[in-house]
Amino acid sequence: MGKLSKLPKLYLAVVFIILYAPIFYLIFYSFNSGGGMSNFESFTLEHYAAVFDDTRLIIILINTIVVALLSALLSTAIGVLGAIAIMYMRNKAMRSAVLSLNNILIVSPDVIIGASFLILFTMVGIKLGFASVLISHIAFSIPIVVIMVLPKLQEMSPSLIDAALDLGATKKDILRRVIIPFIKPGIFAGFFLALTYSLDDFAVTFFVTGNGFSTLSVEIYSMARAGITLTINALSGLIFIVTVILVVGYYAISRKAKSPLSGVRR
């Protein structure tokens with residue numbers, strides 16, 4: 001039994017090593033003063049300095065952050081309302097159909113979604129650039145938010161809403177004072193997932209970007225095609241650090257929201 005109990009831990013350790021070893025290898029050589037990843041000569045920050053000295057990269061970084069924040073905020077707002085609408089649909093067949101359509105968008109290949117958006121924007125006449133990227137990121141983030149919020153709605157007892165109605169609360173009051181506070185952890189989870197998906201997305205963005213507008217994922221791909229440089233390592237390392245900070249921030253907020261004393265007024 002002792003050996004069997006160690007197998008899951010060993011398996012998990014191997015999986016983490018396979019996933020994270022290449023990332024740490026990449027970050028390690030981002031501090032190499034040499035020009036390649038075969039021989040570490042000495043410690044340097046020149047590659048990180050090159051990232052921050054590149055005005056074009058800074059603009060692309062700002063573009064990426066703006067798109068990620070806006071798409072996460074808008075998709076969270078729409079996704080929360082969508083999840084509430086799905087939850088309280090009276091027709092069970094319609095509810096199942098809408099939820100299935102939502103789930104299909106999550107598992108659909110990004111290449112198909114990106115190509116579909118490209119065809120749509122071309123037909124409608126929307127120029128490829130900031131607007132097309134933002135609309136696409138909002139669209140593929142909404143199903144993620146819905147999936148994260150629905151379980152919290154299902155955990156909520158109907159008696160909470162009945163009690164609020166008995167006390168004379170309006171539908172707006174119920175939404176603002178009962179439903180939203182209860183599903184807050186799901187809202188935060190959906191927001192952070194939408195944010196990270198937007199920051200990391202390449203396939204969809206590659207199809208719908210244009211007019212000189214680019215994001216970090218597309219730019220790194222373009223730089224890599226021209227030849228791997230340690231500037232790419234430095235840029236990738238910075239993205240990884242930002243992602244870690246977002247994940248840590250999400251868990252910190254989640255723990256605070258789940259704390260029994262978090263809602264107590266002093």
Side-chain angles (χ1 to χ4, degrees), residues 67-126 131-165 169-208 250 253-254 257-258:
V67 168
L69 286 174
L70 285 177
S71 64
L73 286 170
L74 292 173
S75 62
T76 300
I78 298 171
V80 168
L81 295 177
I84 294 172
I86 292 172
M87 181 65 187
Y88 293 105
M89 277 185 178
R90 295 183 178 179
N91 190 323
K92 292 184 179 180
M94 180 64 70
R95 184 195 308 166
S96 299
V98 173
L99 188 57
S100 298
L101 290 173
N102 181 83
N103 295 340
I104 288 172
L105 290 175
I106 295 177
V107 299
S108 295
D110 289 343
V111 174
I112 295 176
I113 295 175
S116 301
F117 275 120
L118 177 60
I119 295 171
L120 175 64
F121 294 142
T122 303
M123 292 175 58
V124 175
I126 298 176
S132 61
V133 173
L134 179 62
I135 293 171
S136 302
H137 283 219
I138 292 171
F140 70 65
S141 296
I142 290 173
I144 299 169
V145 177
V146 171
I147 287 298
M148 298 306 298
V149 173
L150 266 178
K152 296 303 297 181
L153 284 169
Q154 292 168 350
E155 290 176 10
M156 188 173 66
S157 174
S159 61
L160 292 174
I161 296 177
D162 294 337
L165 290 171
T170 62
K171 291 184 178 180
K172 184 178 179 181
D173 291 331
I174 293 172
L175 177 64
R176 184 166 54 92
R177 297 185 179 182
V178 179
I179 298 177
I180 296 298
F182 189 90
I183 64 173
K184 192 180 292 183
I187 295 174
F188 280 123
F191 172 80
F192 279 103
L193 272 179
L195 187 66
T196 53
Y197 267 70
S198 178
L199 288 172
D200 296 337
D201 180 74
F202 165 75
V204 176
T205 309
F206 182 77
F207 278 94
V208 299
Y250 159 67
I253 293 173
S254 297
K258 292 177 182 179

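This chain uses plain numbering: 1 for the first residue, then up along the sequence. Hydrogens, waters and symmetry mates are skipped; everything else that's a heavy atom, side chains included, is used.
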- Query: If you draw a 6.0 Å radius around OH in Y197, do more than 12 non-hydrogen atoms from other residues or ligands fall strictly inside?
  - Reply: no

- Message: Could you work out, with ring pair (Phe, Tyr, Trp, His ring centres under 6.0 Å) as the rule, every residue matching F207, not counting sequence neighbours?
- Response: none

- Sorted by chain and residue number, the salt bridge (charged side-chain N to carboxylate O under 4.0 Å, His left out) partners of D200 (sequence neighbours excluded) come out as none

- State the CG-CG distance between L69 and L195, to the nearest 0.5 angstrom. 5.5 Å

Would you list the atom pairs, donor with acceptor, under 3.5 Å between side chains in residues 142-149 and any protein atom, with sequence neighbours excluded?
none

- Query: For Y88, which residues count as a ring pair (Phe, Tyr, Trp, His ring centres under 6.0 Å) partner, sequence neighbours excluded?
  - Reply: none

- Task: Go through the steps for I179 and L153 under the test side-chain contact (heavy atoms from CB on, under 4.5 Å), then give the verdict.
- Result: CA-CA 8 Å; I179 298 177; L153 284 169; 3.8 Å; yes

Please output the side-chain donor-acceptor pairs of residues 107-117 that fall under 3.5 Å, not counting sequence neighbours, one pair per line with the distance.
| from | atom 1 | to | atom 2 | distance (Å) |
| --- | --- | --- | --- | --- |
| S108 | OG | I104 | O | 2.5 |
| S116 | OG | I112 | O | 2.7 |

- Item | Minimal non-hydrogen separation, L118 against T122, with atom names | O-OG1, 2.7 Å

- Can you name the closest pair of heavy atoms from D201 and T205 and give their distance? OD2-OG1, 2.6 Å

- According to the side chain to side chain donor-acceptor pair (under 3.5 Å) rule, which pairs have a member within residues 93-102, sequence neighbours left out? none

- Which distance, rounded to the nearest 0.5 Å, do you find between the CD1 of I183 and the CD1 of I84? 4.5 Å

- Message: Listing request: all side chain to side chain donor-acceptor pair (under 3.5 Å) pairs with a residue in residues 141-151, at least two apart in sequence or in separate chains.
- Response: none

- Message: Nearest 0.5 angstrom please: L73 CG to F191 CZ, how far?
- Response: 4.5 Å

- Item | Taking every non-hydrogen atom, the tightest pair across A68 and L199 | CB-CD2, 3.6 Å

- Query: Nearest 0.5 Å, what's the CD1-CG distance between I106 and L101?
  - Reply: 12.0 Å

Could you list the donor-acceptor pairs under 3.5 angstrom formed by side chains in residues 75-82, with sequence neighbours left out?
| from | atom 1 | to | atom 2 | distance (Å) |
| --- | --- | --- | --- | --- |
| S75 | OG | S71 | O | 2.6 |
| S75 | OG | A72 | O | 3.2 |
| T76 | OG1 | A72 | O | 2.5 |

- Note on the structure: Residues passing the salt bridge (charged side-chain N to carboxylate O under 4.0 Å, His left out) test with R176, sequence neighbours excluded, are D173

- Side-chain donor or acceptor of S198 paired with backbone N/O of H137 under 3.5 Å: no

- Sequence neighbours excluded, which residues qualify as side-chain contact (heavy atoms from CB on, under 4.5 Å) partners of F182? E155, M156, L160

